[in-house]
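For reference, the structure discussed in these notes is given below.
So you know, we letter chains A, B, ... as the sequences are listed, proteins then strands, and number each from 1. All values derive from a computational prediction rather than experimental measurement.
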Amino acid sequence: MSDIDSLGLNPSQKEAVLYLDGPCLVLAGAGSGKTRVITQKIAYLINQCGYEARSIIALTFTNKAAKEMVERVNHIVDKKSSKGLTVCTFHALGVRFLRQEAKNLNLKDNFSILDSTDAGQIIQEMLATTDKVRIRVIQQQISLWKNDLLGPDDIVPTTPDEKEAQRVYRNYEATLKAYQSVDFDDLIRLPVLLMRANEEVKERWQKRIKYLLVDEYQDTNVCQYEWVKLLTGWHQKFTAVGDDDQAIYAWRGATIENLAKLTQDYSNLKIIKLEQNYRSVETVLNAANKVISNNPNLFQKTLWSTLGKGEPIQVISMENEEAEAETVGMRISAAHFNKKAQWKDFAVLYRGNHQARIFEQAFRQLRIPYSISGGQSFFDKAEIRDILAYMRLIANDDDDPAFIRAVTTPRRGVGQTTLTHLGEFAVSKKCSLFGAIFEPEIIEIIAERQLKPLMVFAQFIQGIQERAAKPVEQQSAAELLDELMAYIRYEDYLYEHHDDRAAQARWQNVLDLIEWLKRKAQDDDMRFIDLVQHIALITMLERNEQEEEQDAVTLSTLHASKGLEFPYVHMVGVEEGLLPHMGKEDEYGDPNKDNEELYVQRIQEERRLMYVGITRAQYELTLTWCKKRKKAREELIREPSRFIAEMGLEDKQQKLSDPFKGMSAKERLAQLKQMIKPV
DNA sequence: GGTCCATCACTTTTT
DNA sequence: GTGATGGACC
C-alpha cells in the first residue's frame with residue numbers, strides 16, 4: 001500500500017485526492033496534472049479507504065481518455081483490487097445501463113445504436129431533401145433539444161425552422177422506436193428519463209455506485225449533469241474535474257453553466273484549484289494567462305510553472321497560405337536537425353480541417369513525416385458501414401436501415417421496387433422489413449421471382465442469428481464472422497465496382513476490421529452478439545494501437561489537440577475570421593445587431609480555443625498568419641487575430657515576417673540547407 | 001430522360 | 001479538393 005505522501009503530489013493535488021467528505025470540484029488548469037489526480041484518487045479509494053472497485057465509476061468523454069486512465073490506474077493498483085472498476089465514456093455507461101434496463105423502457109435489449117450518419121439519413125428521408133446544410137441544421141437542433149432534456153412536446157417553436165425541426169423530431173423518435181434503435185444522445189437521455197420515472201431503478205443504481213469521478217466536467221451538457229446528479233443521489237460522493245477556460249464544445253450542447261450550477265446545487269461543494277502547470281515555460285503561460293484574462297471568469301485561475309522563462313513567442317506574417325505551409329515546414333525541418341528533436345516533438349495546429357491539406361502537400365514535398373489527427377473516421381467509410389450493416393441486422397432484425405444496406409450491398413436481385421412494396425407491406429403489418437418477409441401474405445404482395453432472393457437472404461441471416469447468441473464455448477465469434485464474410489463475397493463486389501487500387505485499399509480496410517473484431521472477441525471473451533453491440537461506440541482511436549507510436553509531426557485541429565502536449569508548437573492561420581472564426585453574419589450574429597450576446601459568447605469560445613492551442617506548447621510557440629488567403633475563388637485580405645494583440649508580446653516579436661519571402665523554390669531550399677547547421 | 005460539364009460554397013466533431 | 005446543383009445537350 002502506497003503512502004499518500006510518497007506520491008509526489010503537490011498540496012492542491014493531494015487535497016483533491018484526499019477529500020471525500022462530499023461533492024468536490026477540481027478546477028484543473030491546462031497541464032496541471034488532472035489525470036494524475038483522478039487516477040490517484042481511484043487508487044486511494046481502493047487501497048486506503050476500502051472501496052470495492054466495482055462501486056467506483058470514472059467517466060470520460062472519449063475512448064482515448066478512458067483507455068489512458070485505465071492504463072494509469074493499472075499501473076498503481078494491482079490487477080486483483082482493480083477488478084470490476086468502471087472507467088469508461090458517458091456513452092459506454094449509457095449502453096450498459098440501457099442493456100440492463102431495456103425492458104423498463106419498452107426496448108429490446110438488443111437495440112441498435114445509430115451513429116450520426118444513420119440518424120442523418122433518417123432525417124434526410126423525412127425532409128425529402130439532399131440539402132446537407134439543412135439536414136445538418138435540423139439534426140443538430142434535435143440533438144441540442146435532446147441534450148437539454150426537451151422532448152418534442154416540450155418545445156414551443158418560435159421560427160418556421162424550429163417548427164419544422166419539431167415535426168421531424170416527433171417523426172424521428174417514432175422511427176427510432178420502430179427500428180428498436182437509439183441514437184448517441186439517447187444513450188444518456190434515456191437513462192435520465194428512466195431514473196426520474198422509476199424509483200426502483202434509481203435506487204438500485206444509486207446503491208451500486210459509491211463514488212463517481214467525472215473528467216472534463218466543463219464539457220458536460222444539461223443531460224449529462226442531470227445524470228451525474230441522479231447517479232450520485234443522496235450520498236453526493238463525487239469528484240468533478242474540469243477547466244472552464246478549456247470549454248470549447250458549446251456548439252454541441254456542452255454548457256459551462258454546469259460549473260456554476262454545481263456551486264448552486266451543492267452548498268457543501270468543495271472547490272480545489274490546480275494552478276501549478278507542469279507542462280510549459282513562462283513565456284507560453286504568460287501569453288495564455290493574458291489571452292484568457294479577456295474572458296469573464298467564474299473562478300479566477302493563474303497558471304504558473306517552474307520550468308524557466310523559455311524562448312520568446314514568435315509571430316510571423318506570411319504572404320499567403322502556400323508560403324505559410326512551406327515556411328512552417330522548413331522551420332520544423334531546420335529545428336528537427338538543429339535541435340536534434342524528433343519529428344513527433346512538433347505539432348501544427350489549425351482551426352479548420354481544410355487547412356490541413358496544404359500542409360500535407362508541403363510536408364510531402366519537404367519529406368517531413370506527418371500524421372493527421374481526426375479526419376474521416378474509419379467507421380464512416382462505406383466498406384466498413386457495409387459490413388457492419390450485416391452485423392447490426394443479425395443483432396437486431398428490426399433495424400431497417402441495416403436491413404436495406406445489407407440486402408442491397410452487394411446486389412442480390414433485390415431492387416428498389418421490391419423494397420418499396422416490402423416497405424408498404426411492413427407498414428400495414430406494423431412490423432420490420434425483415435419481419436415482413438416471413439408474413440404469410442407476403443406472396444400476395446411480392447412475386448415469386450422477387451421473393452426468392454429475399455427469402456434466401458433472410459434465412460441466411462436467421463441461421464447466423466441463432467448461433468450468434470450462443471455462449472462462446474459453443475460458438476466462437478470468429479467462426480461466424482468468417483461464415484458471414486464468405487457469404488457476402490465482399491471482395492468480389494469491391495473489384496467489380498472500383499478500379500484495382502481502390503478496391504484493394506478498401507478490402508484492406510475490411511480485413512483490418514475483421515481482424516480487429518476477431519481479436520476483440522478473443523481478448524474479451526465476447527459472443528458475436530456482444531461484439532456487435534460494442535462496435536457503435538468505438539472510434540478509430542482504439543483501432544490505431546499499433547500505428548500510434550510513430551515519429552511524425554502532428555497535424556491537428558485545435559479542438560482535437562485538447563489534452564495533448566508538444567515541445568514545439570506552430571499555430572497557423574491566426575487571423576481575424578479564422579481564429580476567431582466567423583461564419584455568415586446572419587447565422588452567427590453581427591456585433592452591431594441585436595444578437596450581440598450570441599456574438600460575444602462565440603468570441604469567448606474562440607478565445608478559449610486560442611487558449612487551448614497556446615497551452616499545448618511546452619517550450620516553443622510560433623504563431624503565423626497570412627496577409628492574403630484564398631477562400632472559394634476569392635483572395636481575401638486578412639488581419640492578424642485580435643488574440644495576438646491580447647497576448648501582450650513585445651513589438652519586435654510581432655514584426656517578424658516570412659524569412660523566405662519572395663524567394664523561388666530553389667532559393668528557398670538553399671536557404672533551408674543553410675538553416676540546418678552541419679552536424 | 002439522362003448524362004456531362006461548369007459553377008458555387010464550404011467550422012469545430014466525440015459518442 | 002469535394003460534392004451538390006443546374007443548365008445544356010444528346
Side-chain angles (χ1 to χ4, degrees), chain A residues 59-67 88-96 98 113-120 124 129-137 139-140 143-144 146-147 182-191 215-216 219-221 223-224 227 246-254 321 349-361 372-380 533-542 556-563 573 575 577-584 587-588 602-603 605-610 612-613 629-634 636:
Chain A
L59 294 177
T60 64
F61 275 84
T62 62
N63 288 315
K64 191 179 161 197
K67 205 179 135 202
C88 67
T89 62
F90 269 94
H91 294 83
L93 184 67
V95 175
R96 208 184 295 175
L98 289 181
I113 301 164
L114 302 187
D115 65 24
S116 32
T117 315
D118 300 316
Q124 171 168 10
T129 174
T130 52
D131 182 346
K132 279 203 163 158
V133 177
R134 182 147 183 78
I135 295 165
R136 206 186 56 212
V137 167
Q139 189 179 1
Q140 197 159 288
S143 173
L144 288 175
K146 283 190 166 192
N147 290 158
V182 301
D183 62 20
F184 282 134
D185 301 320
D186 287 340
L187 294 176
I188 324 279
R189 191 180 68 115
L190 294 178
D215 189 22
E216 305 279 13
D219 287 337
T220 53
N221 56 41
C223 194
Q224 283 158 332
W227 205 27
Q246 291 186 72
I248 51 175
Y249 287 111
W251 52 273
R252 61 183 204 212
E321 63 259 54
L349 307 180
Y350 37 80
R351 176 64 232 252
N353 262 322
H354 62 276
Q355 287 171 266
R357 185 167 292 122
I358 192 149
F359 282 91
E360 281 190 83
Q361 256 171 33
I372 292 194
S373 79
Q376 194 199 21
S377 159
F378 180 71
F379 287 86
D380 263 350
Q533 299 181 341
H534 276 262
I535 299 168
L537 294 178
I538 295 157
T539 65
M540 67 186 293
L541 289 165
E542 212 177 321
S556 170
T557 61
L558 287 163
H559 282 91
S561 76
K562 193 163 78 157
E575 298 150 32
L578 242 188
L579 183 66
H581 186 271
M582 311 266 202
K584 286 180 227 115
E587 238 181 282
Y588 295 119
R602 279 181 43 74
I603 294 294
E605 179 147 320
E606 297 291 311
R607 187 174 283 117
R608 292 191 289 268
L609 203 48
M610 179 81 189
V612 166
R629 184 178 291 273
K630 280 194 265 310
K631 193 181 178 185
R633 243 160 313 291
E634 284 172 297
L636 300 173

> Does Arg608(A) pair with Glu605(A) as a salt bridge, N-O distance under 4.0 Å?
Replying inline: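 Yes, charged N to carboxylate O under 4.0 Å.
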> Under 6.0 Å between the ring centres of Tyr249(A) and His559(A)?
Replying inline: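 Tyr249(A) vs His559(A): aromatic centres under 6.0 Å.
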> Can you check whether Ser116(A) reaches Gln139(A) side chain to side chain, under 4.5 Å on heavy atoms?
Replying inline: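 The answer is yes, as the side chains (C-beta and beyond) meet within the 4.5 Å cut-off.
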Roughly, in whole Å, what's the span from [atom1] in [X] to [atom2] in [N]?
| X | N | atom1 | atom2 | result |
| --- | --- | --- | --- | --- |
| Ile248(A) | dT12(B) | CD1 | C1' | 8 Å |
| Phe61(A) | dT13(B) | CZ | C1' | 13 Å |
| Leu144(A) | dT13(B) | CG | C1' | 13 Å |
| Gln140(A) | dT13(B) | CD | C1' | 10 Å |
| Gln355(A) | dT13(B) | CD | P | 11 Å |
| Met582(A) | dA9(B) | CE | P | 20 Å |
| His354(A) | dT13(B) | NE2 | C1' | 15 Å |
| Arg629(A) | dT11(B) | CZ | P | 14 Å |

>> Quick check: any donor-acceptor pair below 3.5 Å linking the side-chain of Arg252(A) to the base of dT12(B)?
In response: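 Looking at the base of dT12(B), it does not pair with any donor or acceptor on the side chain of Arg252(A) (distance under 3.5 Å).
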> Of all the nucleotides listed (dT14(B), dT12(B), dT2(C)), which has the minimum atom distance to the side chain of Asn353(A)?
Replying inline: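 Output: dT12(B).
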> Which nucleotide sits closest to the side chain of Arg602(A): dG1(C), dT13(B), dT11(B)?
Replying inline: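 Among dG1(C), dT13(B), dT11(B), the one nearest the side chain of Arg602(A) is dT11(B).
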Under 4.0 Å from OP1 or OP2 of [N]: is there any side-chain N or O of [X] that close?
| X | N | value |
| --- | --- | --- |
| Asn63(A) | dT14(B) | no |
| Thr89(A) | dT14(B) | no |
| Lys132(A) | dA4(C) | yes |

> With centres under 5.5 Å and planes under 30° as the test, does Trp251(A) stack with dT12(B)?
Replying inline: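 Yes, the aromatic ring of Trp251(A) stacks with the base.
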> Is the ring centre of His581(A) under 5.5 Å from the base ring centre of dT11(B), and are the two planes under 30° apart, so that they stack?
Replying inline: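 Given the distance and angle limits, yes, they stack.
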>> Classify the ring geometry of Phe61(A) against Phe90(A): parallel below 30°, tilted from 30° to 60°, perpendicular beyond 60°.
In response: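 Phe61(A) vs Phe90(A) ring planes: tilted.
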> Between Ser143(A) and Asp185(A), do the side chains contain an N or O donor and an N or O acceptor separated by less than 3.5 Å?
Replying inline: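 Indeed, the side chains of Ser143(A) and Asp185(A) share at least one donor-acceptor pair under 3.5 Å.
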